[in-house]
Amino acid sequence: MSAKQNLQQVLDETFQGLEQNRLSFKANLTLEEVGRVSQLGQGVARVSGLQGVRSEELLRFASGGYGLAFDLTEDDIGVILLDAAQTGAGDLVQRTKRVLDIEVTEQVLGRIIDALGRPLDEAGPIEGKRLPIEQAAPEIIQRAPVTEPLQTGIKIIDALVPIGKGQRELILGDRQTGKTSLVVDTIINQKQTGVICIYCAIGQRRAAVAKVISDLQEHGAMDYTVVLLANGEDPPGLIYIAPYAATSIAEFFMHLGRDVLIIYDDLTQHARAYRELSLLLRRPPGREAFPGDIFYLHSRLLERATHLNEAMGGGSLTAIPIIETEAQNLSAYIPTNLISITDGQLYLSPQLFYKGVLPAIDIGLSVSRVGGKAQRRAYRELAGPLRLAYAQFEELEAFARFGTRLDETTQQTLTRGRCIREILKQAPYNPLKVSEQITLLLAVNEGLFDDLPYAMLTQLEGEIRRRLKEEKLEAEEHIEQNQSLTVSDKEALLGLVKGVIAARHQGEGHG
Ligand code: ATP
Ligand code: MG
């Protein structure tokens, strides 16, 4: 082969290679849609020059921060800022063409995260499935009736206003009436029940949230709990999205067939953050200056709580939103909205709180519209007489204060009522098992405590619980298996209580 031929061959091969390269070349160009920040406010911005953005779309700022397209007008977009990161007027803004999502895995249990799913503890990054924070609520045919109780371990709730798995029960009351204590106890009581808990702190002081977290840790409740928090100091945008993000985490577990309990503490702060954003974006204010869609805000959130049917895996999501009332005004805008959205409410009264009747639940103003059907059978026959006796007592108590001479039946009603009130009192971090509650309620209904000094009842309760643990009665099994109490079960339980009372009298006699 001549040198010329050789060269020709090399040239041919090179050209072939080049031609192939040309054919397989793909330009890696995309068209970015960008706009600019035209106005900046506290937690909000207006962005102009972005076409085709959809409502709730996530937008990225040049500073690295994110925002939610919220208020779409013909000229520009009102954006809720999700980051305190420095954004300035004139900055570039990019479309992301996706909605806001949060990363969820099973490893999120025990973690403390913010509303964007970023860890706030030192336990490393969280990587998992990305779930949009807003999801459509399950359809009616995917739902099943509420049939299982969610035991709070709090006597007055489990007996008189029972909560079922998949129910939405509102807790409302003025500030410092023990709202958070109720839910912390409920979370603690889910130990070893397989229920997963999400505590979503919304717009609270840091110290208050720190207290809840340390309480949960101290009682070994963090293993099955996720804390998602947006503090009062966070941008209002983060406070606004917090409950939706928390619900997506809850749904992740619900779709795995688990029972989940979610607490929103509290939605008053959520409504306020939303009002702030809406006013800054110049949306027209309505009643109490809240924007017109505030009802929809909370109803679409709470619609996501449900009990799924077997075909959907049978998981459930129980929601307990908390609302802070002002000067006991239940008929303010946000409380009435929430009362009508939920399946019942627990009202905490400051009067009861100051009298030391704790938990300060006002039975007359509290109701559970679906939990009764899920309540353990053993409670049902006790709850009726208990509620009646207590209501009669509350009515009479006002009269009795005037020192009028009372006939014997009235006297008896008063005594019984005081016993019931005393037995329903409960200290924090002290949830009771179902069988312990039933034993105490049975005894008070039978009048076993009528002749005892009230101060003695707390001690007596402790002793009765200790004896129950020792004796392991068959009746306890029946209660756990959701059977009605038989005559012999009742005798056994009452016998145990009588034994404890007698032992105490004897002890006093000797002393
Ligand atoms: P805030 O409005 O500040 O959120 P809150 O309504 O959540 O308050 P908590 O923080 O739960 O109220 O409770 C207020 C105080 O009452 C706490 O100091 C708590 O220890 C006390 N407390 C709550 N429940 C009980 C109870 N059952 N027995 C004794 N003390 C209680
Ligand atoms: Mg609180």
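One-based numbering, in listed order, for ligands and for the atoms of each.
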Any sub-3.5 Å donor-acceptor pair from [X]'s side-chain atoms to [Y]'s backbone N or O?
X: Arg275; Y: Ala289; value: no
X: Asp174; Y: Gln328; value: yes
X: Asp185; Y: Gly153; value: no

### Query
Has Arg175 got more than 12 heavy atoms of other residues, nucleotides or ligands less than 6.0 Å from its CZ?
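No.
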
Which residue owns the protein heavy atom closest to [atom], what's the atom, and how far is it?
atom: atom 12 (O) of ligand 1; result: Gly178 N, 3.0 Å
atom: atom 31 (C) of ligand 1; result: Pro428 CG, 3.9 Å
atom: atom 30 (N) of ligand 1; result: Leu358 CD1, 3.7 Å
atom: atom 5 (P) of ligand 1; result: Lys179 N, 3.5 Å
atom: atom 27 (N) of ligand 1; result: Gln426 O, 2.8 Å
atom: atom 4 (O) of ligand 1; result: Thr180 OG1, 3.9 Å

### Query
Can you find a protein heavy atom closer to atom 20 (O) of ligand 1 than 4.0 Å?
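It does not: no protein heavy atom is found less than 4.0 Å away from atom 20 (O) of ligand 1.
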
### Query
Backbone or side chain, does Thr180 get an N/O/S atom under 2.8 Å to the Mg ion (ligand 2)?
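Of the N, O and S atoms in Thr180, at least one lies under 2.8 Å from the Mg ion (ligand 2), which means yes.
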
### Task
For atom 14 (C) of ligand 1, state which one of Lys425, Gln176, Arg175 supplies the nearest heavy atom.
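Going through Lys425, Gln176, Arg175 one by one, Gln176 has the nearest heavy atom to atom 14 (C) of ligand 1.
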
#### Entry: Pair Arg258 + Glu106, salt bridge at N-O below 4.0 Å
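Here Arg258 does not pair with Glu106 in a salt bridge, since their nearest N and O are not under 4.0 Å apart.
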
#### Entry: Pairing of Glu480 and Lys433 as salt bridge, 4.0 angstrom limit
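No salt bridge links Glu480 with Lys433.
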
### Task
Within a distance under 4.0 Å of any heavy atom of Phe353, pick out the atoms of ligand 1 and give their elements.
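Counting atoms of ligand 1 from 1, those under 4.0 Å from Phe353 are 16 (O).
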
### Residue Ser181 vicinity, atoms of ligand 1 by number, heavy atom under 4.0 Å
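Counting atoms of ligand 1 from 1, those under 4.0 Å from Ser181 are 9 (P), 11 (O), 13 (O), 19 (C), 23 (C), 24 (N).
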
### Query
Is the closest N or O pair between Thr177 and ligand 1 shorter than 3.5 Å?
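Right, the criterion is met.
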
#### Entry: Reference residue Asp343; test salt bridge (charged side-chain N to carboxylate O under 4.0 Å, His left out); the match among Arg369, Arg168, Lys165
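Of the listed residues Arg369, Arg168, Lys165, the salt bridge (charged side-chain N to carboxylate O under 4.0 Å, His left out) partner of Asp343 is Arg168.
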
### Asp450-Thr415 side chain donor-acceptor pair, cut-off 3.5 Å
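Result is no, nothing qualifies.
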
### Query
Which bit of Gln204 is near ligand 1, meaning a heavy atom under 4.0 Å away: side chain, backbone, both or neither?
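It is neither part, as no heavy atom is under 4.0 Å.
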
### Task
Please check if the distance between the ring centroids of Tyr244 and His270 is under 6.0 Å.
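Yes, they do, as the ring centres are separated by less than 6.0 Å.
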
